[in-house]
Amino acid sequence: MLEVKGLSSKAGGFSLDDISLTVEGSQCHVIVGPTGSGKTMFLESIIGFRKALEGEILLDGKDIKDTPVEKRGFSYVPQDLAIFPHLTVEENILYGLKVRRSKDSGFRALTIELIDALRIRHLLKRATENLSGGERQRVALARALAPGYRYLLLDEPLSSLHEGMKRELWFLLKELQQKYRFTMLMITHDMEEAFFLGDTISIMINGKIHQTGRKRDIYHNPETLDVARFLGIRNLFEAEVIDTCSETLNIYCAELNTNLTVLRDAALPPDANVKENDKLIAGIRSEEVMILRHGYQRQNQDNLLRGMVLDVFEKGASHTILFLPERSQKGVEIEVPNYAFQKLNLRKKQDTIISLKGENIFLIRPA
Amino acid sequence: MSFKKLSIFSAISVFILYAGLILSLFYFYRKGLFLETLLSERTLFSIRLSLYTASIATLFSVIIALPAAYALSRFDFKGRQMIDTILELPMVVSPAALGAMLLIFFNNPIGVWIQDKGFQFVFTLYGIVLAQFVTTAGIATRLIKAAMDEIPQRYEDVARSLGASPLRAFFTVTLPLSRKGIVAAAILTWAKALGEFGATITIAGSMAMKTETLPIAIFMRLSSADIEGTVVLILILVTIGLGTLYGVRLFSKKRRPYA
């Protein structure tokens, strides 16, 4: 298990401030955040490339803050991969074993296994300069894993790949992690990558961890406005609590000019204390807004809003609909998969009804 | 005239300037004299002495420049800017002044003590090596630093994460990757040492068959109004110097930055 407690670091005018997180053994923990949020700096502080000013870095209970990089026991794949250009593919992969003078046949066997698992046997004698992007990723992974370290630290290694190759490597990474049970700490700015690979996700913004949690919690319950915005949620509305019950909350959204009923358990963390007249931000993901078809039974739907389609944008796999509720100041963004869009047959300026289901609405305290 | 044509014209003008100077030597060139001067014992001694001292000075320069360049390229430490600036000393101070500084140093108590302990630098072969070393060490450091700056730190980082100590990462990654740049720097340093005159004559003098390097021999021939002999020696120096530098160009042409 890797534990970071109260880590602080500084570079120029930027600083990491009091960062704590725990990476459970054999799990994949992904730190996701916008460019310039300090993700790489944090990873470099853990590996030892950058000195941590304060805090503890505990690896299986032992503080390694002052341990030299080469003795920390982290495999590392940087963003640019840093494949050694003066060595062949095979020499790159064997570099770790060579510098550690390892003659352990177990590591040799692991290396051979990795070469086969990553399907790079045919590349072994090749120079590295003509490798494709995907081949370079595979070689970098094999090199990082060959010394048999149990911790793999990845700094956006897939960011330069096209979508197809990226997805192929996601599956490969998952497969390798499940097979060899290594612990993975990865940083990325790609939300989809984070959700695909991560067991646990931390959101880092401006040098601070804003939220850490399971994928489901991060997806459905962003805890701060910054996190919600980073996750790309644009349906965020000022709200005021009107009424509280044990299971539900009644809120008034002035921007939408409507009352909404919200499920307390789904909208708030278990320890949240909310009372009447509290000012909150209500949010809902665009893909969780439901558009009702003509003639659809409406009596069982909650939080119905009547209004008009303002605009429709085609995005390939889905359509984005801008919907303006009646007498409201702010629109609602709705993501509709292609098959649903075809059934709905939506056009600009068309009157329609949407439902903001209570179980899909989350609440955030304003900063 | 387009900018492209103007810039090419400027490059050709510079070439014509230097090529014209070399070609003008042939006005005083005497065919029979060339071989006679080249094969004379005094000229051969000067060539041998120049090649020998330039090689030793280059060796020392590169040995000291390698770790110094690495430190300046990789680490941010107190006094780094000052060290970086003082490397330019041989370029901002004239070679004669540099030689004078050496001469003055060997006349102060520490210098006298060093000479008393058996290391005679003034008017000796050691003085030539020292003068060439002092003139070239800064340049060698600057050139090797430039070669190391081209190698991203990330390679060493990865090497260390794989278990290599800083020293091992240097020898297995940084040094092989900057090898071509270092060799090119060493050749340029050697060419600079070969042509060194001002500092050498100031500290080592101009004793024939003792401290007379090729540039000093040229000066001595010119002093005695032996223009034809001077021309021969200049042609020898130009051939060795430019031949070496042209070799560097061909060598550098194959270099590719590891960005």
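Order of the sequence lines fixes the chain letters, A, B, ..., with proteins taken first and strands second; residue numbering starts at 1 for each chain.
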Is there a donor-acceptor pair under 3.5 Å between the side chain of A/His86 and the backbone N or O of B/Thr174?
no
Counting heavy-atom pairs under 4.5 Å with chain B, the top scorer among A/Leu81, A/Leu87, A/Ile47, A/Ile83 is A/Ile83
Interatomic spacing from CZ in A/Phe49 to CZ in B/Arg160 - rounded to 0.5 Å:
8.0 Å
Just checking A/Tyr180: does its OH atom have more than 12 heavy atoms from other residues, nucleotides or ligands closer to it than 6.0 angstrom?
yes
Are more than 12 heavy atoms from other residues, nucleotides or ligands located less than 6.0 Å from atom CZ of B/Phe15?
no
Can you confirm whether more than 12 heavy atoms, excluding those of A/Arg121, are under 6.0 Å from its CZ atom?
yes
When A/Pro147, A/Ala144, A/Ala82 are compared by non-hydrogen pairs under 4.5 Å with chain B, the top option:
A/Ala82
Just checking B/Lys192: does its NZ atom have more than 12 heavy atoms from other residues, nucleotides or ligands closer to it than 6.0 angstrom?
no
With the side chain counted from C-beta on, respond yes when A/Tyr95 and B/Val158 share a heavy-atom pair under 4.5 Å apart, and no when they do not.
no
Hey, is NZ on A/Lys65 packed in by over 12 heavy atoms from elsewhere, all under 6.0 Å?
yes
One thing to verify: whether B/Arg154 and A/Glu44 come together as a salt bridge, which I'm taking to mean a side-chain N less than 4.0 angstrom from a carboxylate O.
yes
For atom CD1 of B/Ile110, is the number of surrounding heavy atoms from other residues, nucleotides or ligands below 6.0 Å larger than 12?
no
What heavy-atom pair brings B/Leu177 and A/Pro85 nearest, and what distance separates the two atoms?
CD2-CG, 3.5 Å
Quick one: pull up OH in B/Tyr155 and CG in A/Asp80 and give me the separation to the nearest 0.5 Å.
7.0 Å
Could you tell me whether A/Phe14 atom CZ has more than 12 heavy atoms of other residues or ligands within 6.0 Å of it?
yes
Portion of A/Ala146 that has a non-hydrogen atom of chain B nearer than 4.5 angstrom
neither
Which residue out of A/Ala140, A/Gly73, A/Pro78 racks up the most heavy-atom pairs below 4.5 Å with chain B?
A/Pro78
Give me the atom names and distance for the closest heavy-atom approach of A/Glu70 to B/Ser165.
OE2-CA, 3.7 Å
Going from CG on B/Leu162 to OH on A/Tyr76, what distance comes out if it is rounded to the nearest 0.5 angstrom?
11.0 Å
Other residues, nucleotides, ligands: >12 heavy atoms within 6.0 Å of B/Ile114 CD1:
yes
